2 protein chains.
Amino acid sequence: MILRYNTDEIDNTIVKKLNINARTPYTEISKQISKEIKPLSVGTVHVRVKKLEEAGIIKGSTLIIGYESLGFHLIAFVGILSDSRESQLVKEELKKIPNIVQLYITSGKYNLFCRIIARDPSDARDVISKIGEIKGVLRTESTICLEESINDENRLLSNILQQHQSNHLN
Amino acid sequence: MILRYNTDEIDNTIVKKLNINARTPYTEISKQISKEIKPLSVGTVHVRVKKLEEAGIIKGSTLIIGYESLGFHLIAFVGILSDSRESQLVKEELKKIPNIVQLYITSGKYNLFCRIIARDPSDARDVISKIGEIKGVLRTESTICLEESINDENRLLSNILQQHQSNHLN
DNA sequence: ATTGAAAGAGTCTCAGT
DNA sequence: ACTGAGACTCTTTCAAT
């Protein structure tokens with residue numbers, strides 16, 4: 001259940017700092033906010049983080065992994081056209097492929113659209129073939145990435161939070 | 001500088017646990033590995049995390065943000081065809097749009113390919129118009145997402161790490 | 001590379017405001 | 001909603017192995 005919640009400048013600062021480093025100690029957040037905005041105790045930082053979690057704004061924390069360091073150098077986008085009667089089945093088969101890191105049901109040219117991470121062009125070809133061989137998949141169209149310019153899901157965050165309040169939802 | 005580094009089962013377990021929750025205490029990781037694999041002190045967990053960071057495998061940690069809770073309900077992929085002589089300029093202009101959370105230079109049908117997060121269809125339309133109005137952009141093609149099935153950059157991780165070693169790089 | 005210990009730092013809760 | 005204090009837990013370093 002997502003609760004209504006209006007964020008203020010203090011929440012925004014907390015989220016921004018934790019977004020840069022999820023292990024930032026709350027004591028340090030408290031110190032910095034006390035200096036930059038207004039005096040704030042550690043206990044309050046703690047309570048605020050809890051509320052942001054309860055509101056569904058902070059869903060958790062995770063590592064930023066260097067896939068390059070692990071030998072994965074290739075990213076591609078794959079549009080999939082599938083038999084609409086088989087779409088549920090196709091989706092389940094796609095979920096079995098670990099290289100698919102994003103998968104969306106889409107409107108427009110394709111029914112499904114995904115982003116894959118692969119070791120190299122040959123590995124990518126294997127993954128794309130595997131997608132093409134799924135029963136119900138009619139056609140795929142791939143876009144190979146040559147260079148990553150932006151990859152940061154939370155890039156929007158500082159812009160949203162500059163508005164000093166979140167939307168009201170239920 | 002990325003160093004050569006071979007991960008073992010212990011590194012893999014550390015990465016997996018931190019990936020699920022970046023704030024997992026090292027003491028707890030140490031306890032769990034001691035139970036599941038072999039006795040391991042907290043100090044060693046600490047040293048191993050540091051090495052994984054130095055090797056570029058752990059690049060940092062971040063929050064998982066609930067964009068739905070913040071009023072952002074729409075994801076779209078946008079393929080961009082641009083005048084190749086202006087591509088550097090187009091890229092710089094695209095970087096100014098905060099809704100673009102992924103941006104790649106690509107080969108194939110498009111020169112550039114991006115993924116955007118927007119509040120709603122009308123907001124998405126504004127973002128896509130803004131992209132289309134950039135000098136040097138010839139054409140865009142959008143794919144609107146109806147449903148998110150997978151969105152987890154680190155989904156690959158458990159599969160890679162099951163192999164119990166990383167690739168050798170420099 | 002790993003340990004165990006120790007000092008310092010951080011977490012988390014709660015009674016009081 | 002915030003604070004400050006207290007008990008507990010975690011981090012981080014390091015000499016020893």
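Computed from a predicted model, the values in this text were never measured in an experiment. Chain identifiers are assigned alphabetically (A, B, ...) following the order of the sequence lines, protein sequences preceding nucleic acid strands; residue numbering begins at 1 within each chain. No hydrogens, no waters, no symmetry mates; every other heavy atom, side chains included, goes into these values.
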Quiz item: Does A:Ile20 sit in a hydrophobic cluster with other residues, and if so which ones, taking ILVMFWY side chains as linked at heavy-atom separations under 4.5 Å, directly or through other members?
Solution: none

Quiz prompt | Spacing of B:Lys50 atom NZ relative to D:dT11 atom C1', expressed in whole Å | solution = 11 Å

Quiz item: How long is the line joining CD of B:Glu53 and P of D:dT12, in whole Å?
Solution: 10 Å

Practice problem: Can you sort out the partners of A:Tyr26 under ring pair (Phe, Tyr, Trp, His ring centres under 6.0 Å), two or more places apart, ordered by chain and number? | Solution: A:His46

Quiz item: In residues 16-35 of chain B, which residues come under 4.0 Å of DNA chain C by heavy atom?
Solution: B:Arg23

Quiz prompt | Co-members of the apolar cluster containing B:Ile144 [side chain, <4.5 Å] | solution = B:Leu74

Self-check item: B:Asp11 side-chain N/O to B:Asp8 backbone N/O, donor-acceptor pair under 3.5 Å
Solution: yes

Practice problem: Could you state the atom-to-atom distance from NE2 of A:His46 to P of C:dG10 in whole Å? | Solution: 14 Å

Quiz item: Which ring pair (Phe, Tyr, Trp, His ring centres under 6.0 Å) pairs, counting each pair once, include a residue from residues 85-107 of chain A, with sequence neighbours left out?
Solution: A:Tyr104-B:Phe77

Exercise. Please collect all salt bridge (Lys or Arg N to Asp or Glu O under 4.0 Å) contacts where either partner lies in residues 125-135 of chain A, sequence neighbours excluded, each pair once.
Key: A:Glu86-A:Lys135

Quiz item: For D:dT3, does either OP1 or OP2 sit under 4.0 Å from a side-chain N or O belonging to A:Ser41?
Solution: yes

